[in-house]
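First comes the structure, then the notes that go with it.
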Amino acid sequence: MSAQPIPDVLAFPDAFVWGAATAAFQVEGSTTVDGREASVWDTFAARPGAVTGGDTGDPAADHYRRYADDVALMRSLGLTAYRFSLSWPRIRPHGKPEPRGLGFYDRLVDQLLGAGIQPWATLYHWDLPQSLEDRGGWTARDTAYRFAEYAETVAARLGDRVASWSTLNEPWCAAMLGYGSGVHAPGRTSPEGAVAAAHHLLLGHGLAMAVLRQHTSSPSGITLNLYPVVADSDDANDTDAVRRIDGLQNRLFLDPLLRGGYPADLREDLARFGFDAVVRDGDEAVVGKPIDWLGVNYYRGYRVAGSARAGSTPAGREWPGAGQVHFVPDLAAPRTHSGWEVQPAGLTESLLQVHRDYPPVPLYVTENGAAYPDVLRNGEISDDDRVAFLDAHLRAAHDALAHGVDLRGYFYWSLLDNFEWAEGYAKRFGLVHVDYRTQRRTPKRSARWYAEVIARNALR
């Protein structure tokens, strides 16, 4: 039998969604205008030493004032969808609807629709109103109900035009980095707080889903950062390390969302942090109501061990109940400017894990990207490292499709260089370079490369 020819292109399914993503606090700027309340990230960024360079959310990429130009830029790249988040502190500052904040998203959505770009709206990407944090933030059960109230305000106004809704972005980060390790806003360091926040975020998701069902027929889901976890050896302690980290990173969220309840082993691990006390009767039924799609944010995988290894680092406060676990580096893997290992095969594995282990649900890669030390020379940014990253990860996504995964779209993170949370403006993830002094936009080589992929709906 003769060898089969290798195809010249890797084609993606018809109607595959090609997009890019941003988040409100990271791009909008204008943090004190039109009645906006301070968010936990405004407060956190004002804390000395909390953010690299003392950077704050102003000016970010000035998207609040330049959104029309940015939409035109998206159209020039051929994007079929734009994933953005809405700012809770703009829309319901101090608990009251603000027409000017809602008006901005009205205009943004209409601008996108006019350009033939699907608006994909995320209700929460970490910018909790400071007034709610002052009352306990996500450690307080009441915040979940205030989130549903905010969802009602948004959905009643935009539910007829937004193409797809996500309730939360990466609740692991909001809970574990915000309330566990304290490296993200609000900067608290309590395992009990982290565990409570994780559940209340999921409860808020479930309550918001019910609201979205009342106001829109558009598909609605949630976005999780899922990372494959492998053992450093077949030692029993290393295997248990996988169980713990996979439990906290992946199953803590996937199981209640897709299986109707928290995993028993994880509940046992977290019992000493008060988990059983915050999960009330009926909560898991609220969290587990059907979703229309699941967003997968992927950046890297983890190799773990049950004890220290050469070059390993111990699990920090963001891993409650896993203090004995160590993370083992892959010394052969290239790294991004953030120091993250480049592991495209892990994207395939994360998608396959959901496909293999859970009831069927349509999947989207809602974030995937890399920071590199981009240099602007003669008006050009030749970011070949990012092009290689994109190419490898899109091939990994295509590999998941070939294995039967119901993958329906890909969103690059991010459209624009922006405020990169605790890294401030020190890391650039964008397809488009932003000069923060002049706000001049310059599409990078990766943007042009991505536009060609979109136009072909295929990789060469």
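Computed from a prediction, not measured in an experiment: that's the story for all the values here.
Within a 6.0 Å radius of CZ in Arg66, more than 12 heavy atoms belonging to other residues, nucleotides or ligands are found. Under a cut-off of 6.0 angstrom, the local environment of CD in Glu268 is sparse, with at most 12 non-hydrogen atoms contributed by other residues, nucleotides or ligands. At most 12 heavy atoms of other shown residues, nucleotides or ligands fall within 6.0 angstrom of atom CZ in Arg440. The number of heavy atoms from other shown groups lying within 6.0 Å of CZ (Arg280) does not exceed 12.
Looking at Asp357 and Arg251, no side-chain N of the basic residue comes within less than 4.0 Å of a carboxylate O on the acidic one, giving no salt bridge. Using a cut-off of 4.0 Å between Lys/Arg side-chain N and Asp/Glu carboxylate O, Glu28 and Arg90 are scored as salt-bridged. Between Arg335 and Glu341, at least one side-chain N (NZ, or NE/NH1/NH2) sits under 4.0 Å from a carboxylate O, which counts as a salt bridge. A salt bridge is absent between Arg303 and Asp330: the closest approach of a Lys/Arg side-chain nitrogen to an acidic carboxylate oxygen does not fall below 4.0 angstrom. Looking at Lys289 and Glu284, no side-chain N of the basic residue comes within less than 4.0 Å of a carboxylate O on the acidic one, giving no salt bridge. Note on Asp42 versus Arg47: no salt bridge recorded, every NZ/NE/NH1/NH2 to OD/OE distance being 4.0 Å or above. Salt bridge status for Asp269 with Arg244: present, with a side-chain N to carboxylate O gap under 4.0 Å. A salt bridge does not link Glu98 to Arg92: none of the charged side-chain nitrogens sits closer than 4.0 Å to a carboxylate oxygen.
Interatomic distance, CG of Leu431 versus CG of Asp383, reported as 8.0 Å (0.5 Å rounding). Interatomic distance, OG1 of Thr348 versus CD of Gln343, reported as 12.0 Å (0.5 Å rounding).
Ring centroids of Trp120 and Trp293 are separated by less than 6.0 Å, placing the two rings close together. Note: Tyr410 and Tyr364 fail the aromatic proximity criterion, with ring centroids not under 6.0 Å apart. Residues Phe327 and Trp319 bring their aromatic ring centres within 6.0 Å. Taking the centre of each ring, Tyr412 and Phe429 stay at or above the 6.0 Å mark. Checked against the 6.0 Å centroid criterion, the rings of Tyr262 and His199 qualify as a close aromatic pair. For Tyr82 and Phe84, the ring centers sit closer than 6.0 Å to each other.
For the pair Tyr302 and Val328, the minimum side-chain heavy-atom distance is 4.5 Å or more. Two residues are said to be in side-chain contact when any heavy atoms from C-beta on lie closer than 4.5 Å; Val296 and Thr223 fail this criterion. Between Asp283 and Arg141, some side-chain heavy-atom pair lies under the 4.5 Å cut-off. Looking at heavy atoms from C-beta onward, Thr313 lies out of side-chain contact with His326 at the 4.5 angstrom threshold. For the pair Asp417 and Tyr436, the minimum side-chain heavy-atom distance is below 4.5 Å. Side-chain contact check for Leu252 versus Phe275: some heavy-atom pair is nearer than 4.5 Å. Looking only at side-chain heavy atoms (C-beta outward), Arg441 and Asp69 stay at 4.5 Å or farther from each other. Contact check for Val230 versus Val304: no side-chain heavy atoms found under the 4.5 Å cut-off.
By the 30° and 60° cut-offs, the orientation of the rings of Tyr298 relative to His393 is tilted. Trp126 and Trp421 have tilted rings, their planes meeting at an angle from 30° to 60° on a 0 to 90° scale. Taking the six-membered ring where the residue is Trp, Tyr67 and Phe104 present perpendicular rings, their angle passing 60° and hence far from 30°. A perpendicular orientation is assigned to the rings of Trp18 and Tyr450, their planes being inclined by more than 60° (bins at 30° and 60°).
The minimum heavy-atom distance between Ala396 and Pro344, with the atom names listed, is CB-O, 3.1 Å. Residues Ala426 and Asp55 share a closest heavy-atom pair of N-OD2, 4.5 Å. The two residues Thr239 and Ala231 come nearest to each other via the heavy atoms N-CB, 4.4 Å.
Looking only at atom types and distance, the side chain of Gln353 has a donor-acceptor partner in the side chain of Asp246 under 3.5 Å away. Side-chain N/O atoms of Ser220 and Asp292 include no donor and acceptor closer than 3.5 Å. With hydrogens and angles left out, the side-chain atoms of Gln439 and Asp435 include no donor and acceptor closer than 3.5 Å. Between the side chains of Arg83 and Asn169, at least one donor N or O lies within less than 3.5 Å of an accepting N or O. Looking at Tyr124 and Trp138, their side chains do bring a donor and an acceptor atom within 3.5 Å of each other. For the residue pair Ser414 / Thr22, no side-chain donor-acceptor distance below 3.5 Å is found, with atom types taken as modelled. For the residue pair Asn418 and Tyr425, no side-chain donor N or O sits within less than 3.5 Å of a side-chain acceptor on the partner. Side-chain contact of Thr442 with His433: a donor-acceptor pair under 3.5 Å is absent, judged by distance alone. Remark: the Ser131 side chain and the Asp134 side chain contain no N/O donor-acceptor pair separated by less than 3.5 Å. For the residue pair Asp70 and His63, a side-chain donor N or O sits within less than 3.5 Å of a side-chain acceptor on the partner.
Asn225 contributes no side-chain N or O that, together with a main-chain N or O of Asn297, makes up a donor-acceptor pair within less than 3.5 Å. Judged purely by atom type and a 3.5 angstrom limit, Arg107 uses its side chain to pair as donor or acceptor with the backbone of Gly103. Judged purely by atom type and a 3.5 angstrom limit, Ser218 uses its side chain to pair as donor or acceptor with the backbone of Val162. Checking side-chain atoms of Asp232 against main-chain N and O of Ala305 turns up no donor-acceptor pair under 3.5 Å. For Glu37 (side chain) and His94 (main-chain N/O), a donor-acceptor pair under 3.5 Å exists by modelled atom type. Distance alone, capped at 3.5 Å, is enough to place a donor-acceptor pair between the Gln26 side chain and the Phe419 backbone. Thr143 places no side-chain N or O within 3.5 Å of a backbone atom of Thr139 that could act as its donor or acceptor partner. Panel note: side chain Ser350, backbone Leu347; no donor-acceptor pair is recorded below 3.5 Å. A donor-acceptor contact shorter than 3.5 Å is absent between the side chain of Asn250 and the backbone of Leu226. Judged by distance alone, with hydrogens and angles left aside, the side-chain atoms of Thr167 form no donor-acceptor pair with the main-chain N or O of Ile222 at under 3.5 Å.
Checking each of Tyr227, Trp340, Phe389 against Tyr299 for a ring-ring contact (aromatic ring centres under 6.0 Å, His included) leaves exactly one that passes, namely Trp340. The salt bridge (charged side-chain N to carboxylate O under 4.0 Å, His left out) test with Asp374 is passed by exactly one of Arg428, Lys427, Lys444: Lys444. Among Pro129, Ser30, Pro89, the one residue that satisfies the side-chain contact (heavy atoms from CB on, under 4.5 Å) test with Arg36 is Pro89.
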Test side-chain contact (heavy atoms from CB on, under 4.5 Å) on Thr336 and Tyr372 and set out the steps.
-> CA-CA 6 Å; Thr336 70; Tyr372 288 106; 3.9 Å; yes
